There are 2 protein chains.
Amino acid sequence: MGRVLKDGPKIGEVAAAAGVSRATVSRVMNGQSTVAPDIADRVREAAAELNYRPSTLARSLSLGRSSTVAVVVPDLRNPMFHQVLRGVMDASEAEDYRTLVAETADRTADESAVAQEARARCDAVILVNPRMPQEALEELLPQLRPVVLVNRTTAHEDIPSLVIDHAQGIHRLVDHLAGLGHRHLAYLRGPAGSISDIPRREALADAVARRPELRVDHLAGGSTIDAGFEAADQVLASEATAVVAFNDLTAFGLLARLNESGVRVPDGLSVTGFDDIELARFANPALTTVNVPHAELGRRAWQLLAEVVAGGPVPASGRRPRPSSRS
Amino acid sequence: MGRVLKDGPKIGEVAAAAGVSRATVSRVMNGQSTVAPDIADRVREAAAELNYRPSTLARSLSLGRSSTVAVVVPDLRNPMFHQVLRGVMDASEAEDYRTLVAETADRTADESAVAQEARARCDAVILVNPRMPQEALEELLPQLRPVVLVNRTTAHEDIPSLVIDHAQGIHRLVDHLAGLGHRHLAYLRGPAGSISDIPRREALADAVARRPELRVDHLAGGSTIDAGFEAADQVLASEATAVVAFNDLTAFGLLARLNESGVRVPDGLSVTGFDDIELARFANPALTTVNVPHAELGRRAWQLLAEVVAGGPVPASGRRPRPSSRS
DNA sequence: CTGTTAGCGCGTTCAA
DNA sequence: TTGAACGCGCTAACAG
């Protein structure tokens, strides 16, 4: 593509048309009140006449700020990210910031590149559930500043991060299932490299340690509907009476396959999810899941960003919003 | 937020460190082969040493191009948009373009503003299923050039647009349902202002005109799962034997409520969707729907953009990718 | 209140 | 092959 950033008139032409200097045009366009009303009108007229639109790009370069945040997500197909997004959008627009989204489309190898490209065009980045190895992350983060991390932590003490307390959610689910009399659970793991899978597994180990009567089989899963669907055979083969799926999408996929196979849920097999996406309510039967305040997470991510940019004290990162169970 | 666009070293510092001019650094950074190998190495070293990253913003301003496309969508919760997105991403990245997403979050009134903001930061815009009134659209489009429209048309003859042949899809569904013996259908309309709802309604009217034995009730629907869920009572009250839902999401929501109510599908009531999103396959029972080549749509949108920017002939817009039915 | 000057950070002519 | 000079389009500091 050729030169496409500016086709219309430039500030100089408006200035000439109005018989003033470019600085004056700039002032009028930015609503500065230090311009004589009559001359301001003249400028506005000229601008309207020529259909003048200031170049955001040039403006950004000059101001040193683009008033845009980038949110980088691994997979837009997962509704949970939409909630985070809405949270960021709501919070940032209150401060006249726009939100742009970059998706890495599950290509973990490109995550760094996508994040950097996004950062190059925005004032800050919110990295949501990145999947890259810790080492790569640690190297990337400094180049992204200001940046905040969601569902991932870092050794950089001055880079804030927000992490859902997955362990607590898992404990809730296990309590719930054990309370129903289940002794043999199956855990459908997250995708390879998923970081938030670790605390879940730890929490399960913890639960088993505390309840000797409990047994948990770990099965290959994933983070998509399809992964859950495909995992059904394994689940049945395990003979577990209840399944803890990595998230709602996999739980939903599993449920779909079970329904197809005539396995009754929850009589024949209990299935639980994680995230409490809208889909969970409409599953058949409705999914037992763990509510995670995703929108709130997005809002807080924006807040942390604002704090870090204001150069305030290093925000207390790692505070964990508590998930609450829901059935 | 303060000045955040450039914290690192600038091209001048690298030049100084390497003992060359900024022009030479620029050449090296952009892979121009007209630089003596030894001096190029020196520059690269200096750049690495200082951890130099060229400012994409300044580069864009200078080049007049940002190598970024914006895709503006009304609602990321609808998976069909993800497919379009992937299509655009795949096609554009082959030409070293990045894709950024802007969501209007269903706030039709803000669509214009969001699109303009997006355009201000990118070289081009792909406007997917905008919901704003035609008048507003016609006024907006010229300001967005280069732009291509998806699922919407315009009077601007030089602005390409790509439209799914919704009518054909509807005809397929009606044929299918009529073939099954259904005589009384209910149509769950799209959201207020949805443009692609119009051809659907027309196609239904058309079908009724052609088959006197057919009757179609139009009911208030929407484009979300929830809307479909809420519409169930109306649907049952209509006593129709088959439902044509606006899209897969509403069909899915309706299905969920019907399952809850103990209405057997498709024995008691047939339900069809539109779009063929992944969810349709996993519904219970699997949804009869119309496959729409969304990813292909995204790819073609990018192609049209490339053509229009190349200043080629006005692309034959309005060509309609044919949907194909699926059960 | 307005204009002049300088500069944001980089790419690219044009000479040398 | 290299560098000096100018331009991208706009805003900010300073003078007047």
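Keep in mind it's a predicted model, so treat the numbers as computed, not measured. The sequence lines fix the lettering, A, B, ..., with proteins before strands; numbering per chain opens at 1.
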So, are B:Glu45 and B:Arg42 salt-bridged, with charged N and O less than 4.0 Å apart? no
Any N or O donor-acceptor pair under 3.5 Å from the base of C:dG3 to the side chain of A:Arg27?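 Under the 3.5 Å cut-off, the side chain and the base do form a donor-acceptor pair.
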I'd like to know if B:Ser62 reaches the base of D:dG7 with its side chain, counting only an N/O donor and acceptor under 3.5 Å.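 Counting by modelled atom types and ignoring angles, a donor-acceptor contact under 3.5 Å is found here.
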Rounded to the nearest angstrom, tell me the gap between atom [atom1] in [X] and atom [atom2] in [N].
X: B:Glu13; N: C:dG9; atom1: CD; atom2: P; value: 9 Å
X: A:Leu57; N: C:dG11; atom1: CG; atom2: P; value: 13 Å
X: A:Leu63; N: C:dG9; atom1: CG; atom2: C1'; value: 14 Å
X: A:Arg59; N: C:dC8; atom1: CZ; atom2: C1'; value: 14 Å
X: A:Ile11; N: D:dA12; atom1: CD1; atom2: C1'; value: 12 Å
X: B:Leu61; N: C:dG7; atom1: CG; atom2: P; value: 17 Å
X: A:Arg22; N: C:dT5; atom1: CZ; atom2: P; value: 11 Å

What one should report as the nearest heavy-atom pair of B:Arg152 and B:Pro133 is NH2-C, 3.6 Å
Using a heavy-atom cut-off of 4.0 Å across all strands, would you classify [X] as base, sugar-phosphate, or nothing?
X: B:Ser26; answer: base
X: A:Val20; answer: sugar-phosphate
X: A:Ala36; answer: sugar-phosphate

Is the backbone N or O of A:Glu117 less than 3.5 Å from a side-chain atom of A:Arg121, with the two atoms forming a donor-acceptor pair by type?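 Side chain of A:Arg121 to backbone of A:Glu117: a pair is present.
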Compare the minimum distances between each of D:dG3, D:dC10, D:dA12 and the side chain of B:Ala23, then state the nucleotide with the smallest one.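 Within the option list, the nearest is D:dG3.
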What's the closest nucleotide to the side chain of B:Lys10 if the choices are D:dG9, D:dT11, C:dG9?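 Within the option list, the nearest is C:dG9.
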Check whether any side-chain nitrogen or oxygen of A:Ser55 sits under 4.0 Å from OP1 or OP2 of D:dG9, and answer yes or no.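 No, A:Ser55 has no side-chain N/O under 4.0 Å of OP1/OP2 on D:dG9.
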C:dG3 phosphate, OP1 or OP2, under 4.0 Å from A:Thr24 side-chain N/O: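 For C:dG3, OP1/OP2 do have a side-chain N/O of A:Thr24 under 4.0 Å.
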Using heavy-atom distances to pick each residue's nearest nucleotide on DNA chain C, tell me which of B:Ala58 and A:Asp38 is more 5'.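 On the 5' side of the pair lies A:Asp38.
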Derivation and outcome, salt bridge (charged side-chain N to carboxylate O under 4.0 Å, His left out), residues A:Arg107 and B:Glu93: CA-CA 13 Å; A:Arg107 292 178 311 198; B:Glu93 96 174 356; 3.3 Å; yes
Candidates B:Thr154, B:Ile126, B:Leu144 - the one meeting side-chain contact (heavy atoms from CB on, under 4.5 Å) with B:Leu149: B:Thr154
